[in-house]
Amino acid sequence: MSDDTYPPSTLVDPHEIHLIVLTGMSGGGKTVALRALEDLEFYCVDNLPSVLLPQLVNAATSGDRRGRPRRIAVGVDVRNRGTDFAHMPTVLSELAGAGVQVHLIFLDCRDDVLIKRYSETRRRHPLATRGVSLADAIVEERRLLRPLMAIAEKVIDSSELNVHQLRRLVATGYAQATEGLTLMFQSFAFKRGLPLDADFVFDARCLPNPHWHPRLRPLSGKDAAVREFLDAEPLVGEYFADTARWLDAWLPRFEQDDRSYVTISIGCTGGRHRSVYLVEKLAAHYRGHREGVLTFHRELE
């Protein structure tokens, strides 16, 4: 079963308590999905035993509701040997009966792709103990997780998805929980082609390039030295102000048109310095007065 094209959102009322449980195959992209939800202002906890889910929801939402998280995401997988996956459906059912909007997402992936990912990263599968091969560990993990896959609200097959596509898929599916338009700011290198999913593309190649300074070349736009260099350039400040002004004028039109997700792509030659700097600066600017702001740096991932 695979569902890569589900509707824009299943979260209807952002004022309700929403619990998203992320589970699935190790190496299937759960960490990436959890990070996407964290960018959407979900309160995220990874590797939590199922028996602690009710306590987490109660602790995160009880008492004075002002400022309390109403959106919680939890990662559950085989790393925690104390989790009873067969009992998980009962726990989730009890939470739903208590009024919590529960959403279970299962991240799946083909065995051959999982084996390739583990070989490329040289990570160790949590079940691949001494004497257990990677292939056997994957078979055992599927057996353990079968009860959760059977009741999952969404099953996402990440076999053919890159990191950005998976983040966007998860963020788009649950963007309406952020009460407004979700913004994805992404940097890229023009020399590697335009991002196909961009709604708007801005070209930063006209700006001073840190690449030509040997001290800055190995760094990225996230590093303080590069930020200080670009902060000191008046042309960069003018570019940022004009871009933010344009977005401020036009993004409300998309919200009025009931759009829930917009991708703003900023490119430079190598996708490491100017575009990364501008993406981070714009994201920080918009996070100051709205929820649901994500960033992705295509050439840094």
Side-chain angles (χ1 to χ4, degrees), residues 27-42 44 46 75 107 109 113 116-123 158 160-172 182-233 236-237 239-240 243-244 247 261-287 292-301:
K30 182 174 61 64
T31 300
V32 173
L34 198 63
R35 190 178 305 148
L37 294 172
E38 188 173 31
D39 287 341
L40 289 173
E41 307 296 332
F42 278 77
C44 295
D46 195 14
L107 277 298
C109 187
V113 176
K116 181 180 179 182
R117 288 176 181 175
Y118 271 98
S119 64
E120 289 176 346
T121 61
R122 297 186 179 180
R123 289 172 51 206
S158 68
E160 305 298 330
L161 301 177
N162 60 35
V163 171
H164 177 44
Q165 291 168 330
L166 179 56
R167 286 185 68 183
R168 175 162 184 155
L169 186 65
V170 174
T172 304
T182 296
L183 304 180
M184 165 66 86
F185 289 97
Q186 67 170 325
S187 65
F188 71 96
F190 273 98
K191 67 180 182 181
R192 296 188 177 179
L194 291 171
L196 299 179
D197 56 352
D199 294 301
F200 300 106
V201 175
F202 293 90
D203 189 344
R205 289 176 292 183
C206 60
L207 301 179
N209 192 353
H211 173 81
W212 301 116
H213 297 262
R215 181 176 64 91
L216 303 178
R217 185 174 300 171
L219 305 178
S220 79
K222 289 184 174 184
D223 292 305
V226 175
R227 294 200 308 268
E228 291 169 3
F229 172 84
L230 293 172
D231 283 341
E233 295 287 342
V236 176
Y239 188 101
F240 168 79
T243 304
L247 291 172
Y261 198 98
V262 168
T263 298
I264 300 102
S265 299
I266 302 177
C268 61
T269 305
R272 290 188 55 84
H273 297 107
R274 295 164 291 182
S275 59
V276 172
Y277 166 88
L278 287 167
V279 160
E280 291 294 326
K281 195 171 179 66
L282 284 166
H285 168 73
Y286 283 100
R287 283 176 180 143
V293 178
L294 298 85
T295 60
F296 177 74
H297 302 292
R298 192 179 74 179
E299 318 310 341
L300 299 185
E301 294 291 332

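Just so you know, residue 1 is the first one in the sequence shown, and it goes up from there. For clarity, every value in this text was computed on a predicted model and none was experimentally measured.
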> Stepwise, does the side-chain contact (heavy atoms from CB on, under 4.5 Å) test hold for V201 with F190?
Replying inline: CA-CA 11 Å; V201 175; F190 273 98; 4.3 Å; yes
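- The two residues T295 and R287 make their nearest non-hydrogen contact at CG2-NH2, 3.8 Å.
- With values rounded to the nearest 0.5 angstrom, Q165 atom CD is found 8.5 Å from L196 atom CG.
- Separation of atoms CG (N209) and CZ (R217) is listed at 9.0 Å; rounding is to 0.5 Å.
- Judged purely by distance below 3.5 Å, without hydrogens or angles, the side chains of D199 and Y261 never pair a donor atom with an acceptor atom.
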>> Checking V170 against L166 for the side-chain contact (heavy atoms from CB on, under 4.5 Å) test, could you report, in this order, the C-alpha distance in whole Å, the side-chain angles of both residues, the deciding distance, and whether it holds?
In response: CA-CA 6 Å; V170 174; L166 179 56; 4.2 Å; yes
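- With contacts defined as side-chain heavy-atom distances shorter than 4.5 Å, the pair Y277/D231 qualifies.
- Counting heavy atoms from C-beta on, the side chains of F240 and H285 come closer than 4.5 Å.
- Of the inter-residue distances, the one linking L183 atom CG with F200 atom CZ reads 10.0 Å to the nearest 0.5 angstrom.
- Contact annotation: the side chain of V262 never approaches that of T182 to less than 4.5 Å [non-hydrogen atoms, C-beta and beyond].
- Interatomic distance, K281 NZ to I266 CD1, rounded to the nearest 0.5 Å: 12.0 Å.
- Minimum interatomic distance between E233 and P208 (heavy atoms only, all atoms of both residues): OE1-CG, 3.6 Å.
- Between the Y286 side chain and the A244 main chain, a donor and an acceptor come within less than 3.5 Å of each other.
- Between R298 and P195 there is a side-chain heavy-atom pair separated by less than 4.5 Å.
- Side chain to side chain, R274 and T269 meet the donor-acceptor criterion of an N or O pair below 3.5 Å.
- No side-chain heavy atom of T243 sits less than 4.5 Å from a side-chain heavy atom of L278.
- Between G221 and V226, the shortest heavy-atom distance links the atoms CA-CG1, 3.8 Å.
- Contact annotation: the side chain of I264 approaches that of F202 to within less than 4.5 Å [non-hydrogen atoms, C-beta and beyond].
- In this structure a side-chain-to-backbone donor-acceptor pair under 3.5 Å is present from S158 to G28.
- Listed for the R117 side chain is a donor-acceptor partner under 3.5 Å among the backbone atoms of G27.
- Of all non-hydrogen atoms in R192 and E299, the two that sit nearest each other are NH1-OE1, 3.1 Å.
- Separating the NE2 atom in H273 from the OG atom in S187 is a distance of 11.5 Å, to the nearest 0.5 Å.
- Considering all non-hydrogen atoms of both residues, G271 and A189 come closest at N-CB, 3.6 Å.
- One distance of note links CG of L294 with CZ of F185; it measures 10.0 Å at 0.5 Å rounding.
- Taking the side chain as every heavy atom from C-beta outward, K222 and E280 approach each other to under 4.5 Å.
- For the pair R167 and F296, the cation does not sit on the ring face, since its NZ or CZ is not both under 6.0 Å from the ring centre and inside 45° of the axis.
- The closest donor-acceptor contact from the side chain of D223 to the backbone of A225 lies at 3.5 Å or more, if one exists at all.
- In this structure the side chain of C268 never reaches within 4.5 angstrom of the side chain of L207, judged on heavy atoms.
- When all heavy atoms of G75 and L34 are compared, the pair lying nearest together is N-CD1, 4.2 Å.
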